[in-house]
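Whatever order the structure lists them in is the order used to number ligands and atoms, beginning at 1.
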Amino acid sequence: MSPTPPASALRPRLPTPLQQVTDPRFEARGVRLLLKRDDRIHPDLPGNKYRKLVLNLERARAAGHGTLLTFGGAYSNHLRATAAAGRLLGFATVGVVRGDELADRPLNASLAQCAADGMRLHFVDRSAYRQKADPAVLAALRRRTATEDAYVIPEGGSNALAVQGCTPLGAELRGHTDVAAVACGTGGTLAGLAAGLAPGQRALGIPVLKGGFLGPEIAGLQRSAFGAPGTNWTLDDRFHCGGYARTTDELTAFADDFEQRHGLPVERVYVAKLLYALTALSEEGAFAPGTTVTAVITGTPPD
Ligand SMILES: *Cc1c(COP(=O)(O)O)cnc(C)c1O
């Protein structure tokens, strides 16, 4: 097995840039809006995906693993980032993809990029995919994919090391903002971001999935990463627009307009819902005049 260079070989751009934007919907309320450009952190592992992977990559290398095994849907940014990290650092990568019907179709652009980065894709049906955290199911999957020796990264990349890898995101915002807001899938990024903030700063999560199940999961992630959950974060569940990757005409119009106004390419699955939520909250008067609110820009639209 060839030695893998340390994850610092990825050469991230840190700290990521912080930009002020001038937007009348915030100015009218005396609120300052900043964008934390985590999308600029690395060309192949944008935003929170770099932060969530970096300590896992260090751990995998330190323990002598040559292969990374992970899981995702057909459009997973996490799968893409893992495949890119494998290519750049010399890990073999195996991606377990939800949906066995996809095996017989041409790969979409996201999975084609994974494959081009050397990721071996293994398609499983939805019920098997749902049970992948079950030890017996995982063991069978590892046998079938010959990945018994692989380092396993969970779906969405959220484990204790991922959460710890996101605390510097909060630390980079110390002294710069009152509220740090981020869109949530698994909530791992919010869990780490909140832990990195200074006393008095607070974190706000906007779930993009429907269901309202995220609060206990984020508390659990903080417990696993830091021993106890924090109290400086909240979620606002009103802005999922119907669920994961769902949109509404209003959200699309909002995102198109935000791109025009501010020259920011707006990623539509997560970032659009975050910016829409913050604008609505500002217009509702949810932020006291004089508040600085930072939107974490976690990704870019696919090309
Ligand atoms: C993965 C992802 C998220 C969600 O991160 P979690 O840690 O799972 O909450 C947010 N934004 C973008 C662009 C992502 O790719």
Side-chain angles (χ1 to χ4, degrees), residues 16 35-56 70-85 95 98 110 113-114 153-170 180-196 203-222 224-225 233-237 239-241 243-245 247 255 258 264-278 294-303:
T16 54
L35 306 181
K36 176 66 169 163
R37 298 296 305 270
D38 254 30
D39 57 315
R40 301 274 188 82
I41 210 168
H42 192 285
D44 298 324
L45 292 79
N48 61 348
K49 298 305 182 282
Y50 168 83
R51 296 192 192 265
K52 292 173 75 171
L53 278 170
V54 65
L55 298 181
N56 280 292
T70 195
F71 310 85
Y75 296 92
S76 167
N77 291 334
H78 164 68
L79 278 187
R80 265 215 316 288
T82 305
R98 178 180 56 233
S110 185
Q113 184 59 53
C114 292
I153 305 175
E155 177 178 34
S158 282
N159 57 13
L161 288 174
V163 171
Q164 290 165 11
C166 290
T167 56
L169 168 58
V182 69
C184 298
T186 64
T189 304
L190 176 70
L193 159 66
L204 169 64
I206 305 299
V208 305
L209 286 90
K210 192 162 127 181
F213 55 83
L214 214 49
E217 296 199 1
I218 293 169
L221 284 168
Q222 288 196 320
S224 72
W233 56 269
T234 53
L235 299 173
D236 192 326
D237 256 313
F239 301 101
H240 56 70
C241 299
Y244 184 77
T247 190
F258 199 95
L264 175 82
V266 176
E267 187 274 342
R268 300 301 167 108
V269 176
Y270 293 96
V271 176
K273 291 178 185 179
L274 170 69
L275 295 169
Y276 180 69
L278 293 180
T294 299
V296 180
I297 307 303
T298 40
T300 44
D303 349 280

Does an N or O anywhere in [X] fall below 3.5 Å from an N or O of ligand 1?
X: Gly299; value: no
X: Thr298; value: yes
X: Gly185; value: yes
X: Asn77; value: yes

Next on the checklist: Parallel, tilted or perpendicular: which one describes the rings of Phe239 and Tyr276, with boundaries at 30° and 60°?
Outcome noted: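 Correct class here is perpendicular.
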Show the atoms of ligand 1 that are less than 4.0 angstrom away from any heavy atom in [X].
X: Gly187; answer: 6 (P), 8 (O), 9 (O)
X: Thr189; answer: 5 (O), 6 (P), 7 (O)
X: Thr186; answer: 6 (P), 7 (O), 8 (O), 9 (O)

Checklist entry - Should we say atom OH of Tyr244 is surrounded by more than 12 heavy atoms from elsewhere, each under 6.0 Å from it? => result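 Yes.
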Next on the checklist: How close do Leu274 and Ala295 get, counting heavy atoms only, and between which atoms?
Outcome noted: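 Here Leu274 and Ala295 meet closest at CD2-CB, 3.9 Å.
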So is [X] touching ligand 1 or not, going by heavy atoms under 4.0 Å?
X: Cys184; answer: yes
X: Lys49; answer: yes
X: Gly156; answer: no

Next on the checklist: Under 4.0 Å, heavy-atom basis, I'd like to know which part of His78 is in contact with ligand 1: side chain, backbone, both or neither.
Outcome noted: neither
Next on the checklist: Measuring only between side-chain heavy atoms, which start at C-beta, is Leu209 closer than 4.5 Å to Leu214?
Outcome noted: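 The answer is no, as the side chains (C-beta and beyond) never meet within the 4.5 Å cut-off.
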Checklist entry - Is there a side-chain contact between Thr167 and Arg51, using heavy atoms and a 4.5 Å cut-off? => result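 Counting from C-beta outward, Thr167 and Arg51 never come under 4.5 Å.
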Checklist outcome for this item: of all protein heavy atoms, closest to atom 3 (C) of ligand 1 is Asn48 ND2, 3.2 Å
Checklist entry - Looking at Ile297, Thr300, Val182, which one forms a side chain to side chain contact (heavy atoms under 4.5 Å, CB included) with Val271? => result Ile297
Item to check | Separation between CG of Leu264 and CG of Leu275, rounded to the nearest 0.5 Å | outcome: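 Leu264 CG to Leu275 CG: 7.0 Å, rounded to 0.5 Å.
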Checklist entry - Between Thr16 and Asp38, do the side chains contain an N or O donor and an N or O acceptor separated by less than 3.5 Å? => result yes
